[in-house]
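Below, chains carry the letters A, B, ... as their sequence lines are ordered, and counting in each starts from 1.
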Amino acid sequence: MLDLKFIRNNVELVRQAIINKNEKADLDALLSIDDQRRKLQFEFDNLKAHQNSVSAIIAQRKKAGEKIDNELTEMSKVAEEIKGLANQLGATNAELEKLLLTIPNIPQADVPVGKDETANKVIKVWGEPKQFSFTPKDHLELAIQNNLLDLPRGAKISGSGFPVYTGEGARLERYLINFMLEYHCQKHNYTELMVPLAVNRKTMTGTGQLPKLEEDMYQIEKDDLFLIPTAEVPVTNIYTDEILIWKDLPKRYVAYTPCFRREAGSYGKETRGLQRLHQFNKVELVQFTEPEKSAEALEEILANAEAILQAFNLHYRVVTLCTGDLSFASQKTYDLEVWAPGTGKYLEVSSVSNFGEFQARRANIRFKDKTGKVRHLHTLNGSGVATPRLLIAILETYQQEDGTIKLPSVLDPFLRLTL
RNA sequence: GGAGAGUUGCCGGAGUGGUUGAACGGGACGGUCUCGAAAACCGUUGUACCUAUUAAAGGUACCCAGGGUUCGAAUCCCUGACUCUCCGCCA
């Protein structure tokens, strides 16, 4: 969330950000509640101060054996008043908090302004689309021919969008995950975490999924838990309500988790095969940085994610999301889109975002800087990368004319794994 | 799931319902001393919000969380979370 004082002092900037992000947030209501709250707070504080001072007098008199009846009757009235004010203040604060959580983060100045993905900007293209001497098949055909996937049975036991990987398909999926984890740990200096896949409401609110996206998540109602839509959620929140020290920053974490998304309202959109799933695997990179270093870290994470695609020698492009396509919590986001020659499309395999202090403020994650001052740090994350679309690109790119797959040699050490 | 114990500041650890933001110890930081360091001594050691913002200053809240009792709660009562021990169940 944004700093209330910042909002007060930059009303128009915030208003514009809401518009540019296509968000609906009632800024005026927020401001008027804030006003109301400050008035109540002032009244409350004054009355409390009065109560405190008289209470001290009562204590003295009582000790001295003097009469205190008058004070007591007056104070019981004051106590009533305070109770009333406290209730009002509590309700007002709750309302304020609720509104504040609906105000989106402000895009960085260098983010292109635009309504939807058509305004996104391609800033980099790596490699070239693979040329084939035959008509390339799409990944679903290839997967079926090679017995890598069993989608009907996945649908039978869970529903559509819950894939079953079979035999070599399951092994390949596992190797890909392992490859990426090892790559980021060994070459990019990340620390691996294994984290809970179900998290509580506070955690979901910390990274900004709640309250806006409740409809998009699988919920375990009995325990008020949610299945994570990305490892970003548990990993970023590990430091909730903590104060780190600048010497320990940046912190770099990598975590593999399955991700669960209801994808409500996106039926029929690019759903063939593994393109859009309710459960998929993803290796996620998360960094906690000093505010001055987050812009740099964003480029680093992008490069870390790109390194994976480059290792597989896959053609891809990097896109800067425009304001309208930016997520609620993000200040700036790069998408990595890998080329899938059989499907004939660029597929998003990674989203790399700088959240500034937005998440840190929600989750109350701070750090002590060089001067000893306690401030909110910056959080960032990026997929490094999501497997289903990576798998699509690999299958489609490395298919042979007979439909078999010749896997890229970087995977050899994993395929030969013997223990 | 059942029974018990606990949760206080950076850490350890006191705390009788009435100047307790919180004793005492440790750590950290600053200073004195020293060529330098150690030791010793002195001092400092919070966060959020509000009023005022030129500044200074003042006020309020916070002893796991939320309620309650009371003129007044770290202290009493209730509920919940978490940790530890024992029992049961279990991969």
Side-chain angles (χ1 to χ4, degrees), chain A residues 1-10 30-101 103 194-206 210 220-226 234 237-249 291 357-377:
Chain A
M1 68 184 137
L2 299 176
D3 180 13
L4 202 49
K5 275 185 207 148
F6 175 86
I7 296 177
R8 244 182 259 148
N9 297 330
N10 299 276
L30 178 82
L31 291 170
S32 99
I33 298 268
D34 176 43
D35 218 43
Q36 202 179 317
R37 170 186 141 267
R38 276 143 80 199
K39 281 185 189 133
L40 277 171
Q41 183 77 51
F42 186 63
E43 265 184 82
F44 177 81
D45 285 355
N46 285 341
L47 210 52
K48 258 303 210 181
H50 177 55
Q51 185 187 53
N52 287 344
S53 67
V54 177
S55 281
I57 292 169
I58 290 176
Q60 277 177 14
R61 295 237 171 122
K62 204 173 171 187
K63 217 181 222 170
E66 294 174 40
K67 269 196 183 171
I68 49 175
D69 296 359
N70 288 343
E71 283 80 1
L72 286 188
T73 48
E74 193 215 330
M75 280 302 103
S76 68
K77 276 181 210 153
V78 171
E80 282 292 308
E81 258 184 273
I82 287 176
K83 207 168 168 185
L85 274 175
N87 285 339
Q88 277 185 63
L89 194 59
T92 308
N93 273 328
E95 182 66 19
L96 185 71
E97 176 82 357
K98 211 170 128 196
L99 285 167
L100 198 54
L101 287 176
I103 308 287
M194 271 203 181
V195 293
L197 305 182
V199 300
N200 60 32
R201 192 170 280 278
K202 184 180 176 188
T203 299
M204 275 298 182
T205 307
L210 288 181
I220 304 163
E221 267 177 64
K222 207 170 177 183
D223 300 292
D224 204 23
L225 293 173
F226 298 85
N237 278 286
I238 58 173
Y239 291 123
T240 290
D241 291 327
E242 293 193 38
I243 299 175
L244 307 180
I245 179 85
W246 67 272
K247 284 178 203 156
D248 295 339
L249 301 179
E357 60 170 40
F358 191 81
Q359 292 181 330
R361 196 173 278 281
R362 285 185 164 232
N364 192 28
I365 307 171
R366 294 171 295 173
F367 80 108
K368 202 171 265 199
D369 70 17
K370 288 184 185 79
T371 67
K373 207 175 161 211
V374 175
R375 299 151 65 198
H376 290 97
L377 48 70

Choose from [options] the nucleotide whose nearest atom is closest to any side-chain atom of [X].
X	options	value
A:Phe44	B:U60, B:C71, B:C50	B:U60
A:Lys62	B:U47, B:C71, B:C50	B:C71
A:Arg8	B:U60, B:G18, B:C50	B:C50
A:Val374	B:U47, B:C71, B:C49	B:U47
A:Lys83	B:C50, B:G68, B:G18	B:G68
A:Gln51	B:C71, B:U51, B:U69	B:C71
A:Lys48	B:U60, B:U51, B:G72	B:U60

Going by side-chain hydrogen bond (donor to acceptor under 3.5 Å, both in side chains), A:Asn93 matches just one of A:Gln88, A:Lys98, A:Arg37. Which one?
A:Arg37
Residue whose nearest RNA chain B nucleotide is more 5′ - A:Asn87 or A:Glu71:
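It is A:Asn87 whose nearest nucleotide is closer to the 5' end.
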5' precedence on RNA chain B between A:Ser53 and A:Leu4 (nearest-nucleotide basis)
A:Leu4
Short side-chain N/O contact from A:Arg38 to OP1 or OP2 of B:C49, under 4.0 Å
no
Assess whether side chain to side chain donor-acceptor pair (under 3.5 Å) is satisfied between A:Asp35 and A:Ser32, documenting all intermediate values.
CA-CA 5 Å; A:Asp35 218 43; A:Ser32 99; over 6 Å; no
Rounded to the nearest angstrom, tell me the gap between atom [atom1] in [X] and atom [atom2] in [N].
X	N	atom1	atom2	answer
A:Arg366	B:G46	CZ	C1'	10 Å
A:Asn46	B:A61	CG	P	12 Å
A:Asn93	B:C62	CG	C1'	14 Å
A:Leu96	B:C50	CG	P	10 Å
A:Met1	B:C49	CE	P	10 Å
A:Gln41	B:A61	CD	P	10 Å
A:Lys247	B:A28	NZ	C1'	10 Å
A:Arg37	B:A61	CZ	P	16 Å

Spacing of [atom1] belonging to [X] relative to [atom2] belonging to [Y], to within rounding of 0.5 Å:
X	Y	atom1	atom2	result
A:Lys202	A:Arg362	NZ	CZ	13.0 Å
A:Arg366	A:Glu242	CZ	CD	11.0 Å
A:Glu71	A:Lys62	CD	NZ	12.5 Å

Inter-nucleotide [atom1] distance ([N], [M]), Å rounded:
N	M	atom1	result
B:G67	B:A73	P	14 Å
B:G26	B:U83	P	33 Å
B:A52	B:A56	P	16 Å
B:A28	B:G17	C1'	35 Å
B:U19	B:G72	C1'	12 Å
B:U70	B:C78	C1'	16 Å
B:G31	B:G36	P	13 Å
B:G58	B:U7	C1'	34 Å

Hey, does [Y] have a side-chain heavy atom less than 4.5 Å from the side chain of [X]?
X	Y	result
A:Leu96	A:Leu4	yes
A:Leu2	A:Arg361	no
A:Asn10	A:Phe6	yes

Run the side chain to side chain contact (heavy atoms under 4.5 Å, CB included) test on A:Asn46 and A:His50 for me, step by step, so that the C-alpha distance in whole Å, both residues' side-chain angles and the decisive distance to 0.1 Å come before the verdict.
CA-CA 6 Å; A:Asn46 285 341; A:His50 177 55; over 6 Å; no
Pull out every stem in RNA chain B, meaning runs of 3 or more consecutive Watson-Crick or G-U wobble pairs with both distances under 3.5 Å.
B:1-7 with B:81-87, B:10-12 with B:24-26, B:27-32 with B:40-45, B:46-51 with B:57-62, B:64-68 with B:76-80
With sugar-phosphate meaning primed atoms plus P, OP1 and OP2, does [X] contact a base, only sugar-phosphate, or nothing at under 4.0 Å between heavy atoms?
X	result
A:Arg201	nothing
A:Asn52	sugar-phosphate
A:Lys5	sugar-phosphate
A:Ala49	sugar-phosphate

Step by step, would you call A:Asp45 with A:Lys48 a salt bridge (Lys or Arg N to Asp or Glu O under 4.0 Å)?
CA-CA 5 Å; A:Asp45 285 355; A:Lys48 258 303 210 181; over 6 Å; no
Distance-only donor-acceptor test, A:Lys63 side-chain atoms vs B:G18 base atoms, 3.5 Å
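Check fails, no donor-acceptor contact within cut-off.
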